[in-house]
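Computed over heavy atoms, backbone and side chain alike; hydrogens, waters and symmetry mates excluded. Counting convention: from 1, in listed order, for ligands and their atoms alike.
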Amino acid sequence: MLGKDRILTIFGTGQVTPEVILEAAKMGRTPCYVYDGAIIARKCQEILAMPNAFGIEPRYAMKANSNATILREIVKHGFGIDASSLNEARRARMAGIDPHKIMLTTQEVPLGSDRVALEELIRLGMKYNVCSVRQLELIADFAAETNTRLCMRVHPGVGSGESASRNTGDQYSCFGVHLSDIDEALAFAKSKGLIFDAVHVHIGSGGDPVKWRENIDRELGFVREYFPDAEKVSFGGGLKEARMPDEVAADLRELGQYAKQRIEEFYAETGRKLIMEVEPGTYIVANSGYIITEIIDLKRTGPDGFEFLVLNGGMEVNTRPLLYGSRHPLYVVSQKGDLLSAESELGHLHPEDDLRVVVGRCCESGDSQSLDSDGNIIPRLLAAPNFGDFVVIGGAGAYCASMSPHNYNSQIQVAEILVNEGGKLQLIRKPQTLEQIVQNEIIAEQASACTAKGCGCTAAAAC
Ligand SMILES: *Cc1c(COP(=O)(O)O)cnc(C)c1O
């Protein structure tokens with residue numbers, strides 16, 4: 001047993017103790033998401049403190065976690081918002097975010113009423129990051145008439161990602177205007193009198209520092225060669241965060257130092273002072289988030305098998321292990337509020353006795369919080385729990401609530417709770433109801449008569 005006053009964290013400090021887990025479980029029922037506002041604040045400050053040459057403007061990639069309160073917290077700390085869809089931009093607006101703080105970077109091609117909404121948002125100050133030649137062609141006349149300056153997302157031809165599915169820069173992904181189309185796109189833009197005052201490259205969510213540095217070099221090359229009016233250069237997101245004890249987070253000082261040096265050299269050579277933009281999603285929220293689940297069953301799979309902890313939340317609250325083989329720290333907290341085991345302190349456990357398997361309650365063999373990238377279950381060292389004890393999944397602030405298939409097995413989308421910087425718990429999303437899951441369903445009328453010839457009974461098909 002590790003006691004009651006421990007903070008459930010691997011890196012740095014935080015506010016989520018076993019006591020907070022009990023309080024949150026009572027407030028939100030289980031499973032529920034809990035976010036530590038102090039960690040979000042610290043992460044924002046770390047980004048803002050990155051070394052830079054002529055200023056840094058961070059935007060939070062809201063697809064990582066789109067809850068209105070989370071957006072407002074992050075904007076309060078001096079960030080803008082990167083929206084990945086028109087609906088995300090609308091949602092940020094609904095959360096009260098000033099459109100001037102929002103940039104839209106999307107694969108969507110808004111037409112019809114969406115097109116009207118896009119133009120309205122741009123009029124209100126939202127930045128549009130052109131991501132394809134077609135997007136450019138469609139927005140050109142409007143941008144020319146309204147003197148709107150645009151950003152262009154350039155596809156650099158190479159990328160970086162933790163896994164192939166998160167690499168956004170190679171020939172198997174199509175985010176941005178590919179370098180091979182740049183000349184044509186810019187000639188067209190010139191013919192319309194359009195100006196690009198910002199350039200953007202996001203190479204993926206891997207956070208490989210070597211790739212990050214290469215990307216900076218490459219992107220500054222594009223700015224020099226193609227974008228004489230650019231005042232801002234965005235290096236995208238993908239700053240790596242470490243969730244597990246053996247993972248290493250991006251070194252922001254080092255990355256910032258490199259960018260600063262390059263931007264200063266660019267200034268020395270061109271006389272142009274570029275503002276650096278970064279767009280972290282994961283880095284800001286990943287380690288702020290916890291999912292509180294309760295142990296509802298304990299099973300064994302025979303003498304050579306494992307002990308299974310069945311949790312009341314799994315792939316429907318965090319689908320990352322199933323999707324990417326991502327690893328998350330696990331904590332066991334007793335109903336009385338004792339921390340029984342923590343990912344960073346497993347020394348009191350023994351592989352012969354304490355290797356256990358965590359699964360969710362979905363009817364799906366891959367519903368586990370501990371899988372490798374091929375989907376095989378990986379047993380984990382965890383303290384022996386009881387029914388009703390809690391398994392807390394850490395590192396769950398990014399791409400969990402926003403990405404998981406909540407309603408699979410007709411489970412509800414669960415509550416979200418913020419521990420604010422004063423340590424107070426606030427419900428920031430109510431749990432969904434079953435009625436809300438089915439409210440848009442329409443029960444079709446059944447054919448009223450039997451289709452067998454001459455029969456007149458009311459069976460729907462032939463009786
Ligand atoms: C997803 C995304 C990000 C954030 O990526 P993280 O890995 O969560 O930091 C940044 N920029 C764009 C354009 C994105 O699509």
Side-chain angles (χ1 to χ4, degrees), residues 40 43-44 46-47 50 56-67 70-71 74 79-89 92 101-108 126-132 135 150-156 159-170 173-177 198-209 211-212 215-216 219 232-243 247-252 255-256 276-289 318-320 323-324 326 395-404:
I40 293 176
K43 292 292 173 179
C44 289
E46 282 179 21
I47 295 281
M50 276 176 87
I56 177 166
E57 290 186 7
R59 268 188 306 273
Y60 165 64
M62 69 176 277
K63 70 180 188 296
N65 187 322
S66 320
N67 182 289
I70 301 293
L71 300 183
I74 293 170
F79 275 55
I81 294 287
D82 183 74
S84 295
S85 68
L86 197 54
N87 269 1
E88 278 195 352
K101 298 218 149 223
I102 304 172
M103 180 158 89
L104 176 61
T105 303
T106 182
Q107 288 281 77
E108 293 172 344
M126 183 185 75
K127 190 84 183 171
Y128 189 43
N129 188 9
V130 170
C131 294
S132 76
Q135 286 183 0
L150 299 165
C151 180
M152 183 181 283
R153 177 171 185 172
V154 179
H155 183 311
S160 162
E162 274 176 72
S163 63
S165 57
R166 278 173 292 171
N167 181 339
T168 66
D170 71 9
S173 73
C174 67
F175 299 97
V177 178
V199 180
H200 174 277
V201 174
H202 168 64
I203 54 172
S205 294
D208 176 344
K211 295 272 165 51
W212 218 78
N215 186 51
I216 288 174
E219 196 173 346
K232 296 180 182 179
V233 56
S234 173
F235 298 131
L239 296 167
K240 173 146 177 68
E241 179 57 300
R243 295 180 178 83
E247 293 175 350
V248 182
D251 182 338
L252 297 190
L255 295 179
M276 164 167 108
E277 299 184 326
V278 285
E279 264 166 25
T282 303
Y283 195 84
I284 300 298
V285 286
N287 282 335
S288 77
N318 177 17
T319 200
R320 298 183 73 256
L323 201 55
Y324 307 123
S326 305
Y399 304 102
C400 290
S402 67
M403 197 195 224
S404 300

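Of the polar atoms of Tyr399, at least one N or O is found under 3.5 Å from an N or O of ligand 1, judged by distance alone. Backbone and side-chain nitrogen or oxygen atoms of Thr282 are examined, and one is located within less than 3.5 angstrom of a nitrogen or oxygen of ligand 1. Where the criterion is an N or O separation shorter than 3.5 Å, residue side chain and backbone included, Gly238 meets it with respect to ligand 1.
Electrostatic pairing of Arg59 and Glu277 counts as a salt bridge here, judged by a charged N lying under 4.0 Å from a carboxylate O.
No donor-acceptor pair under 3.5 Å is formed between the side chain of Thr105 and the backbone N or O of Ser84. A donor-acceptor contact shorter than 3.5 Å links the side chain of Tyr60 to the backbone of Asn65. Remark: the backbone N or O of Ser326 is not paired with any side-chain donor or acceptor of Arg320 at under 3.5 angstrom.
Proximity of Ala398 to ligand 1 is not established, as no heavy-atom distance is less than 4.0 Å.
Residue contact check: Asp82 has heavy atoms under 4.0 Å from atoms 12 (C), 13 (C) of ligand 1. The distance from ligand 1 to the heavy atoms of Arg153 drops below 4.0 Å at these ligand atoms: 13 (C). Atoms of ligand 1 lying under 4.0 Å from any heavy atom of Gly281, numbered from 1 in the order shown and given with element: 4 (C), 6 (P), 8 (O), 9 (O). Of all the atoms in ligand 1, the ones that sit under 4.0 Å from a non-hydrogen atom of Pro280 are 9 (O).
Distance check: Ile70 CD1 to Met62 CE gives 11.5 Å after rounding to the nearest 0.5 Å.
Shown here for Ile74 and Cys44, the closest heavy-atom pair between the two residues is CG2-SG, 4.1 Å.
Of the candidates Glu279, Lys63, Arg59, Lys63 brings a heavy atom nearest to atom 14 (C) of ligand 1.
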message: Applying side chain to side chain contact (heavy atoms under 4.5 Å, CB included) to Thr282 and Arg243, what does each step give before you reach the verdict?
response: CA-CA 10 Å; Thr282 303; Arg243 295 180 178 83; 3.5 Å; yes

